[in-house]
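Working notes, structure below.
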Amino acid sequence: MTDQTLIILGASGDLTARLLLPGLGALLTAGHVPGLTLIGASTDDLDDSAWRTRVHDAFGAHGAAAAAESTGQETPTTDSVPATSDVADRARWIRTDVTKASDLRALLSAARGSVAVFFALPPAVTALACEALLDVDLPPGTRLVLEKPFGTGSESATALNALLAKLVPEEQVHRVDHFLGKSTVLNILGLRFANRIFEPILDSTHVESVDIVFDENLALEGRAGYYDKAGALADMIQSHLLQILALLTMEAPFSMAAPEFRDRKADVLRATRLWGTPADSSLRARYTAGVLGDRKLVNYADEPGVDPSRGTETLAEIVLAVDTWRWAGVPFRLRSGKAIGASRKEAVITFKRPPRVPDGLHGCDQPDRLRIGFGPDHLALDFNINGPGDPFELDPITLEASFGAGELPPYGEVLRGVFDSDPTLSVRADTAEQCWRIVEPVTSAWRAGEVPLREYPAGSTGPSLFL
Ligand SMILES: O=C1O[C@H](COP(=O)(O)O)[C@@H](O)[C@H](O)[C@H]1O
């Protein structure tokens, strides 16, 4: 097995501690990437020892715990997981200005074996780092791993793609969308393509509408530096929810190999557009002060680090059309909000009514629904039967299935693809551009003030076009 080195640019940031290192810890605990060298880099004045402590903490607090959860074992500490302790003990910190070729050259010379460079940086700094890398000889096979947001619109995404194409072949670029590492999201593929019963009715003849909803209890949680520039549309819809839409609407690939799978996703995203005008097919809103469970939340605009004049939305909705033979005429309603009282994370496929219910059968007319939950992992099918009591009275019933989490947490899954040099679960260049193209009519209209920014108290359900 070849040695591998993971270099994290921007390693002192929130993403590294909160998601990346825990995901890596789970991956190592599950026995992957033995002998990994981990190098952290940024302009911060850390040293090896301080960095190792951070890595130990992140592995111990989250990574090992996540792996233990999925195996049902007791939570081990880093001390009881030699693979993570070993990587943490040998981790190195190299002070680096990521926009300077000379610094990046020195950084890469410290790597052993096959190299993956993770850009845990804001989009503008990522672009500068990529430009600096043009003057550096990258070791053969180097993989470049980029976080969302990938650019800030289709123009910057196209420019960044062009830059990356000068550095390494597309197969070596991993654009991370951690929702593609979520076991329930991936279960959409098994549900659709490994069963006879669902796929034939997933089309415009049978489906009335599809809702993809990710409403969270979480509020800003100290992430103003990133979130206030992104907002709910870019943070969740342009990225994660469009990936879910692609999995729900794509045609069956003949294989799960990266080229076929990513071709089918790209096909359907190219066919996706806003349903109507931004005024009738989009909604934006921002939470005000409120109470959520036992937490008192302050007005978003008063959160430290927020620039209220930016008008950042914390709740966004858009309605999309997928112009394919299969889906023409079916509205896809995508929604995500923060500080929502009732957390709801699911895709709901609502079916059309039967052509005719026989006279004499009465009492219940709920439409059939297939619900795919994204946390907790859950699957439910709502339909009508002749229930107890009056034999001709219809009753609603739900068939439910819950299943355990995958072997790895989402970031672990995504990183496994990076270390295996398998880009299947990463977002391809054209797809990243398409996802911006789909939302751009909305972002332009919002910038021009054509859609008002509404308000909702934290802890409420928030406004909606369709709920
Ligand atoms: O990427 C993001 O995702 C999370 C929600 O995903 P989860 O896996 O943590 O449930 C969201 O809270 C965050 O704002 C966004 O940046």
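In each ligand, atom 1 is the first atom listed, and ligand 1 is the first ligand listed.
- For Tyr227 and Thr314, the side-chain atoms include no donor-acceptor pair closer than 3.5 Å.
- Under 3.5 Å, the side chains of Asp382 and Thr398 contain a donor-acceptor pair of N or O atoms.
- Residue contact check: Phe214 has heavy atoms under 4.0 Å from atoms 5 (C), 10 (O) of ligand 1.
- Applying the side chain to side chain donor-acceptor pair (under 3.5 Å) rule to Ser42 yields the partners Ser12; only residues at least two apart in sequence or on another chain are considered.
- Per-residue contacts place Phe179 under 4.0 angstrom from the following atoms of ligand 1 (heavy atoms of the residue considered): 6 (O).
- Listed by number with element, the atoms of ligand 1 under 4.0 Å from a non-hydrogen atom of Lys148 are 1 (O), 2 (C), 15 (C), 16 (O).
- When hydrogens are left out, the protein atom nearest atom 11 (C) of ligand 1 is Glu216 OE2, 3.5 Å; that is the closest non-hydrogen contact.
- Heavy-atom contacts of Lys338 reach the following atoms of ligand 1: 11 (C), 12 (O), 13 (C), 14 (O) (cutoff under 4.0 Å).
- Considering each of Lys182, His240, Glu221, Arg223, the one bringing a non-hydrogen atom nearest atom 7 (P) of ligand 1 is Lys182.
- Heavy-atom proximity to Asp235, at under 4.0 Å, picks out these atoms of ligand 1: 13 (C), 14 (O), 15 (C), 16 (O).
- Inter-residue side-chain proximity for Arg54 and Leu46 is flagged as met; some heavy-atom pair is nearer than 4.5 Å.
- Shortest contact from atom 3 (O) of ligand 1 to any protein heavy atom: His178 CE1, 3.4 Å.
- When ring centroids are compared, Phe179 and Phe374 stay outside the 6.0 Å threshold.
- Put simply, the side chain of Leu465 does not reach to within 4.5 Å of the side chain of Trp275, judged on heavy atoms.
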